[in-house]
Amino acid sequence: MKEIMEVAKYIRKELKMADEFAYEANKHKEQYPEMAQHYYRVAHEHLTMTDELHNGAVRLIDHARRSGMTASDEMLRMWEF
């Protein structure tokens, strides 16, 4: 299902952004704690979006399974993800 693959792409992007902002938060926590807090907050927002996208992907997968959709090997790997 194309939609599931698209959601997975955005999940990976959100995780990458969360990682980058968390890195910056950690880098600045001693010298600029207030700035580090801003980075931390943004990292958390990206993780929240990741959770929301994941929940959406799970719903899409459940719908596809209930609809009797047959899955290719690639789709089965995506479902396991």
Side-chain angles (χ1 to χ4, degrees):
M1 177 181 249
K2 182 180 175 183
E3 293 84 4
I4 296 169
M5 297 299 282
E6 289 174 355
V7 172
K9 176 181 75 173
Y10 286 109
I11 288 171
R12 286 189 293 275
K13 285 183 178 184
E14 289 295 326
L15 284 173
K16 183 176 187 263
M17 292 298 296
D19 184 58
E20 290 172 3
F21 280 101
Y23 174 82
E24 291 298 320
N26 192 50
K27 184 170 80 174
H28 297 294
K29 70 181 179 185
E30 297 297 323
Q31 189 172 6
Y32 304 108
E34 186 176 319
M35 192 65 185
Q37 275 302 114
H38 294 299
Y39 281 120
Y40 171 75
R41 182 183 49 77
V42 174
H44 187 267
E45 290 171 4
H46 283 284
L47 288 175
T48 298
M49 177 57 82
T50 299
D51 285 341
E52 292 172 5
L53 289 169
H54 177 263
N55 291 337
V58 168
R59 286 191 297 275
L60 288 172
I61 291 167
D62 288 341
H63 180 265
R65 285 182 174 163
R66 283 193 310 275
S67 299
M69 180 181 228
T70 56
S72 64
D73 289 341
E74 182 178 340
M75 187 56 62
L76 289 172
R77 285 194 304 275
M78 192 67 233
W79 284 351
E80 293 303 317
F81 170 75

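We use all heavy atoms of the structure for the numbers below, so side chains are in, but hydrogens, waters and symmetry mates are not.
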Is there a path of hydrophobic side-chain contacts, each under 4.5 Å between heavy atoms of I, L, V, M, F, W or Y residues, that connects Tyr32 with Tyr23? no
Rounded to the nearest 0.5 Å, what's the gap from CG on Leu60 to CG on Asn55? Could you check? 11.0 Å
Grab the two heavy atoms, one from Ala25 and one from Ala36, that are nearest each other, plus how far apart they are. O-CB, 3.3 Å
Quick one: pull up NE2 in His54 and CZ in Arg59 and give me the separation to the nearest 0.5 Å. 10.5 Å
When rounded to the nearest 0.5 Å, the distance separating CE of Met49 from OH of Tyr10 is 11.5 Å
Classify the ring geometry between His28 and Tyr39 as parallel (under 30°), tilted (30 to 60°) or perpendicular (over 60°). parallel
Thr50 and Glu14: which non-hydrogen atoms are nearest, and at how many Å? OG1-CB, 3.2 Å
Is Arg66 close to His63 at the side-chain level, that is, under 4.5 Å between some pair of heavy atoms? yes
Check whether any side-chain heavy atom of Thr48 sits under 4.5 Å from a side-chain heavy atom of Glu52, and report yes or no. yes
Could you grab the distance from atom CD of Glu24 to atom CG of Asn26, nearest 0.5 Å is fine? 10.0 Å
So if you build clusters from Ile, Leu, Val, Met, Phe, Trp, Tyr with side-chain heavy-atom gaps below 4.5 Å, do Met35 and Phe21 land together? yes
Which atom of Leu53 lies closest to which atom of Val7, heavy atoms considered: O-CG1, 3.4 Å
For Ala22 and Ala43, which heavy atoms make the closest approach, and how far apart are they? N-CB, 3.7 Å
Rounding to 0.5 Å, atoms NE2 (His46) and CG (Leu15) come to a distance of 10.5 Å
Salt-bridge test for Lys9 and Glu6: reply yes if a basic N is under 4.0 Å from a carboxylate O, no otherwise. no
